[in-house]
Amino acid sequence: MTAFEPPSAPGSSAAFGSSGALGTDGHDAVVLAGGAARRLGGADKPGVRVGGRALLDRVLAACSGAAVTVVVAEPRPTARPVEWAREDPPGGGPLAALDAGLRHTTAEYVVVLSADLPFLDRETVRRLLTALHESHGSHDSHDSHESGVEGVLLTDPDGRDQPLVAAYRRSALLRGLAALRAAHGELAGLPLRRLTGALELTRITDPVASFDCDTWDDIAAARARIREHGHVLDEWITAAKDELGIDLEVDTGLLLDLARDAAHGVARPAAPLTTFLVGYAAGRAGGGPEAVAEAARRATALALRWAAEAQSGAPADAGASETPARPAGDVRPAGDVRPDAG
């Protein structure tokens with residue numbers, strides 16, 4: 001297990017709100033998901049659910065910006081499309097699995113991940129790739145012999161390397177694997193440090209994203225953490241988007257403010273109904289964050305006008321209203337709360 005520590009700010013590791021565009025050259029991803037999970041009693045660890053989503057699906061969401069994502073394991077249903085590979089022989093260990101996955105990649109940079117990282121997000125993947133890209137770029141003027149940083153990996157709070165939460169130069173991985181194969185005849189059974197120990201690496205500390213699930217206690221800790229007040233909403237929205245096949249980044253604060261205004265200014269059931277109507281209107285307008293924001297803005301303005309009328313008995317800012325103010329004395333019964341009342 002990698003030790004877990006909560007983030008410094010609530011929701012800082014939530015995937016919702018982070019962009020899939022990584023701002024670096026194209027990259028591929030290799031996810032190793034074929035371990036024996038002995039400390040889980042042989043359970044299907046990639047399929048264990050945290051926050052309603054399989055661990056594997058959570059990792060696939062984090063690396064969704066990859067041009068090609070290869071999962072090294074027996075094929076299974078996943079929330080996102082992937083390519084499948086298998087080490088030979090099955091169960092040959094992480095080096096053999098990595099070798100099998102790399103055969104399906106072509107990009108210069110490869111993100112290498114394990115399938116048991118419940119809090120990995122796209123922002124962390126972006127940081128790894130950006131650090132690698134910038135380190136590599138500083139050596140572009142050198143001769144054809146490769147030099148400089150060959151990988152960027154996370155470390156846990158204790159400073160331990162996490163080589164399966166990392167971004168590497170594909171050519172460096174292939175060169176290292178070839179050297180190990182030449183020296184040992186095969187890769188099966190060799191520890192991963194035989195490869196990473198020979199690479200020029202730099203490191204990023206991330207106590208949240210580096211948390212992995214090796215035991216049932218780890219699973220319980222992850223499940224408890226996502227239900228904490230500062231995380232549950234982002235976790236729920238991300239899970240719902242995956243379940244519904246939606247990949248839309250919107251301002252949750254804007255929608256929450258709308259729901260609050262509708263609930264307080266109109267009636268409590270107005271909150272879910274209004275947010276549904278905003279989504280429907282945004283879809284009719286072509287979808288996208290801008291359409292959602294515009295629909296939410298208009299609905300919020302309506303809710304605020306509605307609340308102001310309820311407090312004053314007359315439309316707010318009557319001079320700017322398209323509906324003229326009702327003459328004094330023409331008062332409707334208090335029970336009439338139709339939006340066009342007046």
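Since the model is a prediction, treat every value here as computed from it, not as a measurement.
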Legend entry - Flag, side chain of Asp57 to backbone of Arg53, donor-acceptor distance under 3.5 Å: no
Inset, instruction - Look only at the side chain of Asp161 and the backbone of Pro163, and say whether a donor-acceptor pair between them is shorter than 3.5 Å. - result: no
Legend entry - Enclosure of Arg260 CZ (heavy-atom neighbours >12, cutoff 6.0 Å): yes
Legend entry - Test item: Val82 and Val70 side chains (from C-beta on) under 4.5 Å apart, heavy atoms: no
Inset, instruction - Please name the pair of heavy atoms, one in Ala295 and one in Ala281, separated by the smallest distance, quoted to 0.1 Å. - result: CB-CB, 4.3 Å
Legend entry - Cluster overlap Phe119 with Leu153, hydrophobic side-chain contacts below 4.5 Å: no
Legend entry - Exercise: identify the closest heavy-atom pair between Ala115 and Leu55: O-CB, 3.4 Å
Inset, instruction - Treating Ile, Leu, Val, Met, Phe, Trp and Tyr as nodes and any side-chain heavy-atom pair under 4.5 angstrom as an edge, say whether Val30 and Leu190 lie in one connected cluster. - result: yes
Legend entry - Between Ser114 and Asp116, a side-chain donor and acceptor under 3.5 Å: yes
Inset, instruction - Kindly compute the distance separating OG1 (Thr155) from CZ (Arg203), expressed to the nearest 0.5 Å. - result: 8.0 Å
Inset, instruction - Check the pair Tyr168 / Val111 against side chain to side chain contact (heavy atoms under 4.5 Å, CB included), numbers first and verdict last. - result: CA-CA 6 Å; Tyr168 298 97; Val111 178; over 6 Å; no
Inset, instruction - Can you see which heavy atom on Ile226 is nearest to which on Gly51, and at what distance? - result: CD1-CA, 2.9 Å
Legend entry - Inter-residue atom distance Thr124.OG1 - Leu129.CG, 0.5 Å rounding: 11.0 Å
Inset, instruction - Could you list the residues that satisfy side-chain hydrogen bond (donor to acceptor under 3.5 Å, both in side chains) with Thr105, not counting sequence neighbours? - result: Arg170
Legend entry - Lys45 side-chain N/O to Thr215 backbone N/O, donor-acceptor pair under 3.5 Å: no
Inset, instruction - For Trp84, look at atom CH2 and say whether over 12 heavy atoms of other residues, nucleotides or ligands are found less than 6.0 Å away. - result: yes
Legend entry - Within residues 86-95 or reaching into it, pairs that qualify as side chain to side chain donor-acceptor pair (under 3.5 Å) - sequence neighbours excluded: Glu74-Arg86
Legend entry - Arg76 atom CZ, neighbour heavy-atom count above 12 within 6.0 Å: yes
Legend entry - Donor-acceptor pair, side chain of Arg225 and main chain of Ala220, under 3.5 angstrom: no
Inset, instruction - Could you tell me whether the side chain of Phe276 reaches within less than 4.5 Å of the side chain of Thr274, counting heavy atoms only? - result: no
Legend entry - Main-chain N/O of Arg127 paired to Thr130 side chain as donor or acceptor, under 3.5 Å: no
Inset, instruction - Work out which heavy atom in Leu113 is nearest to a heavy atom in Cys63; give both atom names and the distance. - result: CD1-CB, 3.9 Å
Legend entry - Arg49 side chain vs Gly52 backbone, donor-acceptor pair below 3.5 Å: yes
Inset, instruction - Locate the shortest heavy-atom distance separating Ala262 from Ala270; write the atom from each residue and the value. - result: O-CB, 3.7 Å
Inset, instruction - Nearest 0.5 Å please: distance from the CG atom of Leu98 over to the CG atom of Leu187. - result: 9.0 Å
Legend entry - Short side-chain to backbone donor-acceptor contact, Asp261 and Leu304, under 3.5 Å: no
Legend entry - Within one Ile-Leu-Val-Met-Phe-Trp-Tyr cluster: Leu154 and Leu201, side-chain cutoff 4.5 Å: no
Inset, instruction - Answer yes or no: is there a donor N or O on one side and an acceptor on the other, between the side chain of Glu200 and the main chain of Gly148, under 3.5 Å? - result: no
Legend entry - Distance in Å, Thr300 OG1 paired with Leu258 CG, rounded so as to fall on 0.5 Å steps: 4.0 Å
Legend entry - Carboxylate-amine/guanidinium proximity below 4.0 Å for Glu235 and Arg58: yes
Legend entry - Distance in Å, His27 NE2 paired with Thr106 OG1, rounded so as to fall on 0.5 Å steps: 12.0 Å
Inset, instruction - Working to the nearest 0.5 Å, report the span between OG of Ser171 and OH of Tyr109. - result: 9.5 Å
Legend entry - Check ion pair Arg160-Asp156 (N to O, under 4.0 angstrom): yes
Inset, instruction - Examine distances only and state if a side-chain atom of Asp28 and a backbone atom of Thr69 form a donor-acceptor pair shorter than 3.5 Å. - result: no
Inset, instruction - Using a strict 4.0 Å threshold on nitrogen-to-oxygen distance, state whether Glu123 and Arg126 make a salt bridge. - result: yes
Inset, instruction - Check whether any side-chain heavy atom of Leu199 sits under 4.5 Å from a side-chain heavy atom of Leu173, and report yes or no. - result: yes
Inset, instruction - Could you tell me which non-hydrogen atom of Ala271 sits nearest to which non-hydrogen atom of Ala263, and how far apart they are? - result: CB-CB, 4.0 Å
